[in-house]
Amino acid sequence: MLSVKKLASAAEAGRHQREWFADLRARVAAGEPLAVVNADVPHEIFRAMDIPYVVSQWWASVVAAKQRSGHYLELLRRRGLPDYSEQYNAVTLGSAFDPDPESGPWGGLPKPSIVVGDASGDVTRKIFDIWGREPGVTFYPLESAAENEVPANWWELMPHRWEEAIGPARLDLLTAELEGLVRFLETTTGRRFRESRFREVMALVNEQEEWNRKTRDLVARTRPAPISVADGIPGVMLPQWHRGTEWARDAARRFHEEVRERVDAGDAACPGERARLMWIGRGLWYDMGFYQRFQDEYGAVFVWSMYLAIAADGYLRYGDDPMRALAARFAAFTDQLYTPPWSSEWYVKEARLHGIDGVVHLVSDDPRGSYFTARALESAGFPVIEIEADNVDARTYDGDAVAGRIGRWLEDTVLPRALTRAAPAAGPGPR
């Protein structure tokens, strides 16, 4: 497995994450409540109420990086539960059944007293239902609504015109559910929700995402790319799990400043950049060296992942009603990433913005609109290769076979296309 270079800001974020998790374990050991929440759940409420929480998908990524996902999936099998479906949340559920939990990564995940998930699919809902059957654990579900009307260019509307983009019915529903979540947390934890603190959290999140937007735009317009996604994913995502804190806002600013310094100094992820690649899908957590392999061998640099891009376009929400603005942040979150044409039009926009030469698309058993994403990109002129694997279940992944397929695709399709695009036009006429 190839080693992954780290920006100083990403390394600092990694150190902070370890310190934070050690402190969280100590707080829970001292009797504080712990919530395990889905990534699409509004974490800002827990932040405002100072309730310790762990994101299910973040924990699964740590487990996969430590090559331990197979162990937790085996624990599911022993209980007669599926080990091959929605592994991103199932791995974390498996940790609840570990007879020796402290042997897990970073000392293990403490037992939660609260789990919160959105019902974005039948499998996800069932996983959290099983959590809620464990002694001492309560599950609070959030609905996942849909809307027939799809806004054009939603990424332009969302910061200020989110009511128009999402629609009042969806916002009414999620706002009411979030108010119910607040009452539930106050009752079960004894913590008090203060709107003044909540407004501070919401303002800090907007500041953080403004920095991420600047960084996204800087990477998009810089040739050769100043960083690859191997640098960018930890640089943006670790602070994202701490949204609503001054540390996270400042970390996003440091990340931007470090990328800006690299641009000003002419530093590049791959000085001999020959092609710019887009990675669509969740991070390949058990093989993060994957992304660097192709820039070393082919000069093909992964310059785009959804993590920095959705931070730039998917979170900014301004308005006088903070709870409704928070509902607007998450009411259509799944649509933005996975539901066409919300998602497919956004991926095409981002591919054009970043000057992409080829798209590598990770397709799992939970595809969520992957067919339409690939077809939209191909129709817009971007070559797409699909990899069928789960991002936290290494059993589904043959690294050498995948690398061979992508290598041949680069040689036969992407690099000739990139060379043609970069070549000056023959003769005096326009290209």
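Positions are given from 1 along the sequence. Both backbone and side-chain heavy atoms feed into the values below; hydrogens, waters and symmetry mates do not.
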Visitor: Please determine whether side-chain contact (heavy atoms from CB on, under 4.5 Å) holds for the pair V360 and I387, giving the CA-CA distance in whole Å, both sets of side-chain angles, and the decisive distance to 0.1 Å.
Guide: CA-CA 7 Å; V360 181; I387 302 171; 3.4 Å; yes
Visitor: Supply the atom-to-atom distance E210 CD to Y315 OH, rounded to the nearest 0.5 angstrom.
Guide: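 The distance works out to 15.0 Å.
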Visitor: If you measure from the Lys or Arg side-chain nitrogens to the Asp or Glu carboxylate oxygens, is any gap between E86 and K126 under 4.0 Å?
Guide: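 Looking at E86 and K126, the cut-off is not met.
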Visitor: Distance check, rounded to the nearest 0.5 Å: R282 atom CZ versus N391 atom CG?
Guide: 6.0 Å
Visitor: Give me the atom names and distance for the closest heavy-atom approach of P159 to E156.
Guide: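 Heavy-atom minimum between the residues: CD-O, 3.9 Å.
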Visitor: Using side-chain heavy atoms (C-beta onward) and a distance below 4.5 Å, is V54 in contact with L24?
Guide: yes
Visitor: Using atom types as modelled and distance alone, determine if a side-chain donor or acceptor of R324 lies under 3.5 Å from a backbone N or O of L174.
Guide: no
Visitor: Do W20 and W58 have their ring centres less than 6.0 Å from each other?
Guide: yes
Visitor: Looking at W155, is its backbone amide N or carbonyl O close enough to the side chain of N153 to form a donor-acceptor pair, meaning the two atoms are under 3.5 Å apart?
Guide: no
Visitor: Applying side-chain hydrogen bond (donor to acceptor under 3.5 Å, both in side chains), can you list everything that pairs with E164, at least two apart in sequence or on another chain?
Guide: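 Listed in chain order: R161.
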Visitor: For the pair E273 and R223, evaluate salt bridge (charged side-chain N to carboxylate O under 4.0 Å, His left out) and give the outcome as yes or no after the intermediate values.
Guide: CA-CA 8 Å; E273 178 182 298; R223 309 288 189 279; 5.2 Å; no
Visitor: About how many Å separate CH2 of W346 and CG of L353, when rounded to the nearest 0.5 Å?
Guide: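 Rounded to the nearest 0.5 Å, the CG-CH2 separation comes to 11.0 Å.
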Visitor: Any ion pair linking D400 and R405 (charged N to carboxylate O, less than 4.0 Å)?
Guide: no
Visitor: For W285 together with W59, are the ring centres under 6.0 Å from each other?
Guide: no
Visitor: My understanding is that only residues two or more places apart in sequence, or in another chain, count here; which of them pass ring-ring contact (aromatic ring centres under 6.0 Å, His included) with Y84?
Guide: none
Visitor: Report the C-alpha separation of E378 and R375 in whole Å, then their side-chain angles, then the decisive distance to 0.1 Å, and conclude whether the salt bridge (charged side-chain N to carboxylate O under 4.0 Å, His left out) test is met.
Guide: CA-CA 5 Å; E378 289 173 337; R375 300 298 84 78; 2.9 Å; yes
Visitor: Measure the CH2-CG distance between W162 and L171 for me, rounded to the nearest 0.5 Å.
Guide: 6.5 Å
Visitor: In plain terms, say whether D250 and R253 are close enough for a salt bridge, that is, a side-chain N and a carboxylate O under 4.0 Å apart.
Guide: yes
Visitor: Does the side chain of L284 come within less than 4.5 Å of W279's, by heavy atoms?
Guide: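 When only atoms from C-beta onward are counted, L284 and W279 do touch, with a gap below 4.5 Å.
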Visitor: For H354, what residues pass the side-chain hydrogen bond (donor to acceptor under 3.5 Å, both in side chains) criterion, not counting sequence neighbours?
Guide: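 Here no residue qualifies.
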Visitor: Picking from W247, F21, Y53, what satisfies ring-ring contact (aromatic ring centres under 6.0 Å, His included) with H242?
Guide: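 Single pass found, and it is W247.
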Visitor: Using the test side-chain hydrogen bond (donor to acceptor under 3.5 Å, both in side chains), find all partners of S9 that sit at least two apart in sequence or belong to another chain.
Guide: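 If we apply the side-chain hydrogen bond (donor to acceptor under 3.5 Å, both in side chains) test to S9, skipping adjacent residues, the hits are E258.
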Visitor: Verify, without hydrogens or angle tests, whether R395 (side chain) and D390 (backbone) share a donor-acceptor contact under 3.5 angstrom.
Guide: no
Visitor: Looking only at atom types and distance, does a side-chain atom of R317 sit under 3.5 Å from a main-chain N or O of G314, one as donor and one as acceptor?
Guide: yes
Visitor: I need the minimum non-hydrogen distance between A225 and R276, along with the two atoms involved.
Guide: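 The answer is N-NH1, 3.7 Å.
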Visitor: Quick one, H43 with W241, criterion side-chain contact (heavy atoms from CB on, under 4.5 Å). Give me CA distance, side-chain angles, the key distance, then yes/no.
Guide: CA-CA 8 Å; H43 307 163; W241 300 136; 4.1 Å; yes
Visitor: Given S228 and Q295, is the side-chain contact (heavy atoms from CB on, under 4.5 Å) satisfied, shown in steps?
Guide: CA-CA 9 Å; S228 76; Q295 70 185 48; 3.7 Å; yes
Visitor: For the residue pair W154 / Q336, report whether a side-chain donor-acceptor contact shorter than 3.5 Å exists.
Guide: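 The criterion, which ignores hydrogens and geometry beyond distance, is not satisfied for W154 and Q336.
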Visitor: Partners of E32 by side-chain hydrogen bond (donor to acceptor under 3.5 Å, both in side chains), sequence neighbours excluded?
Guide: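 In terms of side-chain hydrogen bond (donor to acceptor under 3.5 Å, both in side chains), with neighbours along the sequence ignored, E32 is linked to R27, R191.
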Visitor: Can you tell me how far apart CZ (F333) and CZ (R329) are? Round to the nearest 0.5 Å.
Guide: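 Rounded to the nearest 0.5 Å, the CZ-CZ separation comes out at 10.0 Å.
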Visitor: Ignoring hydrogens, what is the shortest heavy-atom contact between R249 and W211? Give both atom names and the distance.
Guide: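 Nearest pair, atom of R249 first, then W211: O-CD1, 4.2 Å.
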Visitor: Verify whether the ring centers belonging to Y72 and F97 lie closer than 6.0 Å.
Guide: no
Visitor: Check step by step if side chain to side chain donor-acceptor pair (under 3.5 Å) holds for Q240 and Q208.
Guide: CA-CA 9 Å; Q240 280 291 80; Q208 178 178 347; 3.1 Å; yes
Visitor: With a cut-off of 6.0 Å (strictly less than), are more than 12 heavy atoms of other residues, nucleotides or ligands near CG of D264?
Guide: yes
Visitor: Closest approach of A230 and M288, non-hydrogen atoms and distance?
Guide: CB-O, 4.4 Å
Visitor: Regarding R243 and E44, does a basic nitrogen lie under 4.0 Å from an acidic carboxylate oxygen?
Guide: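 So R243 pairs with E44 through a salt bridge.
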Visitor: Do you know which two heavy atoms are closest between Q57 and V37, and how far apart they sit?
Guide: OE1-O, 4.3 Å
Visitor: For the backbone of V41 and the side chain of N38, can you confirm whether one donor and one acceptor N or O come within less than 3.5 Å of each other?
Guide: no
Visitor: In Å and rounded to the nearest 0.5 Å, what is the CG to CG distance from L142 to L178?
Guide: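 Separation between the atoms: 6.5 Å.
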Visitor: Tell me, which pairs form a ring pair (Phe, Tyr, Trp, His ring centres under 6.0 Å) where one or both residues lie in residues 372-419, sequence neighbours left out?
Guide: Y286-Y397
Visitor: Restricting to non-hydrogen atoms, name the atom on V91 and the atom on V63 that form the minimum distance, rounded to 0.1 Å.
Guide: CG1-CG1, 3.7 Å
Visitor: Side-chain donor-acceptor pair under 3.5 Å between N206 and E209, yes or no?
Guide: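 No pair is found: no donor N or O on one side chain lies under 3.5 Å from an acceptor on the other.
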Visitor: Using the side-chain contact (heavy atoms from CB on, under 4.5 Å) rule, pick out the option among M306, M158, R213 that qualifies with D313.
Guide: R213
Visitor: Is there a donor-acceptor pair closer than 3.5 Å between any side-chain N or O of S95 and the backbone N or O of T92?
Guide: yes
Visitor: Any chance the side chains of Y347 and W304 put a donor and an acceptor closer than 3.5 Å?
Guide: no
Visitor: Return yes if a side-chain donor-acceptor contact under 3.5 Å exists between R293 and Y298, otherwise no.
Guide: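 R293 vs Y298: no donor-acceptor pair found between side chains.
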Visitor: Are a donor atom and an acceptor atom from the side chains of N89 and S56 found within less than 3.5 Å of each other?
Guide: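 Indeed, the side chains of N89 and S56 share at least one donor-acceptor pair under 3.5 Å.
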Visitor: For R125, is there an ion pair with D118 - N to carboxylate O distance below 4.0 angstrom?
Guide: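 Salt bridge flag = no for R125 with D118.
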Visitor: Might you confirm whether atom CD of E388 has over 12 heavy atoms from other residues, nucleotides or ligands at distances under 6.0 Å?
Guide: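 Result for CD/E388: open.
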Visitor: Salt bridge or not for E200 and R197, using N-O below 4.0 Å?
Guide: yes
Visitor: Under a 4.5 Å cut-off applied to non-hydrogen side-chain atoms, are L76 and L93 in contact?
Guide: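 They are in contact (side-chain heavy atoms under 4.5 Å apart), so the answer is yes.
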Visitor: Starting from the C-alpha separation in whole Å, work towards a yes-or-no answer on salt bridge (charged side-chain N to carboxylate O under 4.0 Å, His left out) for K111 and D98.
Guide: CA-CA 11 Å; K111 180 181 177 179; D98 195 339; over 6 Å; no
Visitor: Apply side-chain contact (heavy atoms from CB on, under 4.5 Å) to the pair V115 and Y140, showing each step before the final yes or no.
Guide: CA-CA 6 Å; V115 293; Y140 189 96; over 6 Å; no
